[in-house]
Amino acid sequence: MMSSGMTTGSPRRISILGSTGSIGKSTIDLIERDPEAYKVVALTANGNAEALAAQAKALKADLAVVADPLALGRLKEALAGSGIEAAAGPEAVVEAAARDADWVMAAIVGAAGLEPTLAAVARGATVALANKECLVCAGDLFMAEVKRHGATLLPVDSEHNAIFQVFDFERKNRIDKIILTASGGPFRDWTREQMAVATPEQAVAHPNWSMGAKISVDSASMFNKGLEFIEAHHIFGMSADRIEILVHPQSVIHSMVAYVDGSVLAQLGSPDMRTPIAFSLAWPDRMAAPVPRLDFAALARLDFRAPDPVRFPAIRVVREALERGGVAPTAMNAANEVAVDCFLNRTIGFLDIPMVVEETIEEIMSGPLGSQSVDRLEAVRAVDAEARGVAARHASRRTFAAA
Ligand code: NAD
Ligand code: MG
């Protein structure tokens, strides 16, 4: 049995939003090792009704929800006779998040995760946040809601989880800067010419981490580190000039916090998301996690270098969007989601991704929505939808040109 510290007393009520994804499955891998400790309230997925039903049955969940209404028939069929409630549609996902779980894993990919995650926040739940896009598209609104409802936000993204572990919240004024480490992704040492003809298969083949398709492409473009830059800005309340990005190919140091006395505190570990997930599940306690242990003698060395702004324009694009503020990060996130989808569907090239994003930000910022504030959900939705349309139009003028 795991020493989760949760095995005594009544089981912890938990829900997993995005349970069929990479983070969702890693979360289930941990809770399945100590099933008595948890009562699974709700599991949600997009369209994979069969996988969701299998998880719901294995974990004896109360409720299983698919976001895609067309998948409801298959979900009901797969759950027949189990007594597990089934529902479908984006509103049903939000309702699932609003059920009374104490701990909610927010692991839906993209801005689609915003409203469900906010529903968990609104109950004052402990929210383990993997879905970084919700902080990119609506960071101020999201953090204000966390504060207003007294929710507990535990960052799952490995960098932010690392920072959370070594960030002295009581003495924040003694922190100089935070240093986000980046593996550099599969194209770390590629030329622009090579990247111009990269295929989706090459982009999702991450050297260190196994992840969903969208974040894998984001890692290849380094948009992921840009999104994480904005995520760190909101979670830790650090201004952009006090967040640094450092390429560290081995992914052993997951991020660092530098203090005014010259001390730098880091969190290290194997590149396995079950460590930050276990941290968020057991917090403020610790639980055993079945991850490979670091072998420092075998590692022998850790390398670092500054990110290359020429080969990876995404970092500049994101920094500029954060500086412009207002609707720019919302538009940027939506455009990136559309561009990544187009690249995965082979309708644009890899290097078109940052171009489509920049063109979309420009068009939105100079249009009627450009001066809007995004402090309300309706405004976020409007900008997100408009930017998706603009990005699709810019993408349609481009073509896939892989080798
Ligand atoms: P994934 O693609 O493997 O899984 C995404 C999950 O969301 C699936 O369950 C899918 O069914 C569901 N989903 C997709 N679209 C949806 C929609 N429109 N409505 C409702 N549900 C939908 O992604 P992942 O790699 O698990 O990543 C999930 C989130 O966690 C992302 O925001 C990602 O950036 C973040 N994250 C992931 C990792 C990782 O190692 N995978 C690390 C850090 C952060
Ligand atoms: Mg990360």
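Every number for a ligand or one of its atoms is a count from 1 in the order of the listing.
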| query | Sequence neighbours excluded, which residues qualify as ring-ring contact (aromatic ring centres under 6.0 Å, His included) partners of Phe312? | reply | none
| request: Please step through side chain to side chain contact (heavy atoms under 4.5 Å, CB included) for the pair Glu133 and Val109, ending with a clear verdict. | output: CA-CA 7 Å; Glu133 292 90 348; Val109 60; 3.9 Å; yes
| field | Spacing of His233 atom NE2 and Glu231 atom CD [to the nearest 0.5 Å] | value | 12.0 Å
Would you call the rings of [X] and [Y] parallel, tilted or perpendicular, where under 30° means parallel and over 60° means perpendicular?
{"X": "Phe236", "Y": "Phe164", "result": "tilted"}
{"X": "His248", "Y": "Phe304", "result": "parallel"}
{"X": "Phe187", "Y": "Phe350", "result": "perpendicular"}

| field | Name, closest N/O/S atom of Asp157 to the Mg ion (ligand 2) | value | OD1
| Between Ile163 and Leu180, does a side chain to side chain contact (heavy atoms under 4.5 Å, CB included) hold up when you go through it step by step? | CA-CA 8 Å; Ile163 294 166; Leu180 286 176; 3.8 Å; yes
| request: Would you check ligand 1 and list the protein residues that come within less than 4.0 Å of it by any heavy atom, ordered by chain and number? | output: Gly18, Ser19, Thr20, Gly21, Ser22, Ile23, Ala45, Asn46, Ala67, Ala107, Ile108, Val109, Ala112, Ala130, Asn131, Lys132, Glu133, Asp157, Met211, Gly212, Ile215, Met273
| query | Where the Mg ion (ligand 2) is the corner point, what angle links OE1 of Glu159 with OE2 of Glu228, to 10°? | reply | 100°
